[in-house]
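Hydrogens, waters and symmetry mates are skipped; everything else that's a heavy atom, side chains included, is used. Just so you know, residue 1 is the first one in the sequence shown, and it goes up from there.
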Amino acid sequence: MEDKPQSLDTHIQELRTRLLHTILVFSILTATGFTVSDRILSWIQTDLTVSLHALAAYETIYTQIMIALIFGFVTCLPVLVYQALRFSKPGMKPDEYRLLRNFLPFSFLLFVLGALFSYEFVVKTSFRFFESATQAAEVAAVWGLQN
């Protein structure tokens, strides 16, 4: 795409097209996430060595939908960033675009490392703390899906 001035209609049409592509990819990945949400939930239970219980009738499907939405968002993030970058490219100077393009892979890597750190250290440490506090009080903990 050449970097010539465009009308407002052209910008809005391009934004609409990029949003539709992103929404389509997000929908497909969310549907995929829903099909694997039971396996993800099972993996979480195994990894944390806990048995999760549905404390309300809707809790299982709600949790599966939330897992699917998170899965869809996280896996769609590269597409979203790509579409945003391609939309904003005509308004950027070549140096700005090159700088942003070169730092995006590192940003994505840092995002993934931060998510892994959060799960491995923050979530697991918090979980062990609450589990030990419950055992110290000699109370049986029932871990709900939603919480």
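- Under the side-chain contact (heavy atoms from CB on, under 4.5 Å) criterion, Ala56 pairs with Tyr58, Glu59, sequence neighbours left out.
- Between the side chain of Thr30 and the backbone N or O of Ser27, no donor-acceptor pair lies under 3.5 Å.
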Inset, instruction - Determine, stepwise, if the pair Ser7 / Thr10 fulfils side-chain hydrogen bond (donor to acceptor under 3.5 Å, both in side chains). - result: CA-CA 5 Å; Ser7 69; Thr10 307; 2.9 Å; yes

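- A side-chain donor-acceptor contact under 3.5 Å links Ser132 to the backbone of Phe129.
- Note that CG of Leu48 is 9.0 Å distant from CD of Glu131, once rounded to the nearest 0.5 Å.
- Taking NZ of Lys89 as the start and OH of Tyr97 as the end, the distance is 4.5 Å to the nearest 0.5 Å.
- Trp143 and Phe127 have tilted rings, their planes meeting at an angle from 30° to 60° on a 0 to 90° scale.
- The hydrophobic cluster containing Phe26 does not contain Val81, counting ILVMFWY residues as joined when their side-chain heavy atoms lie under 4.5 angstrom apart, directly or transitively.
- Using a distance-only test at 3.5 Å, with no hydrogens or angles considered, no donor-acceptor pair links the side chain of Gln83 to the main chain of Leu80.
- Counting all heavy atoms, side chain and backbone alike, Thr35 lies closest to Asp38 at O-OD1, 3.4 Å.
- Atom CD1 of Ile12 and atom OG1 of Thr17 lie 12.0 Å apart (nearest 0.5 Å).
- Under the 4.5 Å side-chain heavy-atom criterion for Ile, Leu, Val, Met, Phe, Trp and Tyr, Leu69 and Ile61 are members of the same hydrophobic cluster.
- Side-chain contact between Leu85 and Leu100: present, with at least one pair of heavy atoms (C-beta onward) separated by less than 4.5 Å.
- Grouping the Ile, Leu, Val, Met, Phe, Trp and Tyr side chains by contacts below 4.5 angstrom, directly or via other members, places Leu145 with Phe130.
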Which pairs of donor and acceptor atoms, one on a side chain in residues 116-125, lie under 3.5 Å apart (sequence neighbours left out)?
unit_1	atom_1	unit_2	atom_2	d
Tyr119	OH	Asp47	OD2	2.5
Glu120	OE1	Lys124	NZ	3.2
Lys124	NZ	Asp47	OD1	3.4
Lys124	NZ	Asp47	OD2	3.1
Thr125	OG1	Phe121	O	2.4

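- Taking CD1 of Ile70 as the reference point, atom CD1 of Ile65 lies at 12.0 Å (rounded to 0.5 Å).
- Residues Phe111 and Leu104 are members of separate hydrophobic clusters, defined by side-chain heavy-atom contacts under 4.5 angstrom among Ile, Leu, Val, Met, Phe, Trp and Tyr.
- Between Thr22 and Cys76 the shortest heavy-atom distance is O-SG, 3.9 Å.
- The CG atom of Leu52 lies 10.0 Å from the OG1 atom of Thr60; values are rounded to the nearest 0.5 Å.
- Side-chain atoms of Leu77 and Phe73, non-hydrogen and from C-beta on, do get closer than 4.5 Å to each other.
- A continuous path of ILVMFWY side-chain contacts below 4.5 Å connects Ile67 to Val36, so both sit in one hydrophobic cluster.
- For Phe34 against Ala68, the heavy-atom pair with the smallest separation is N-CB, 3.4 Å.
- Atom CZ in Arg39 sits 13.5 Å away from atom OG1 in Thr46 (nearest 0.5 Å).
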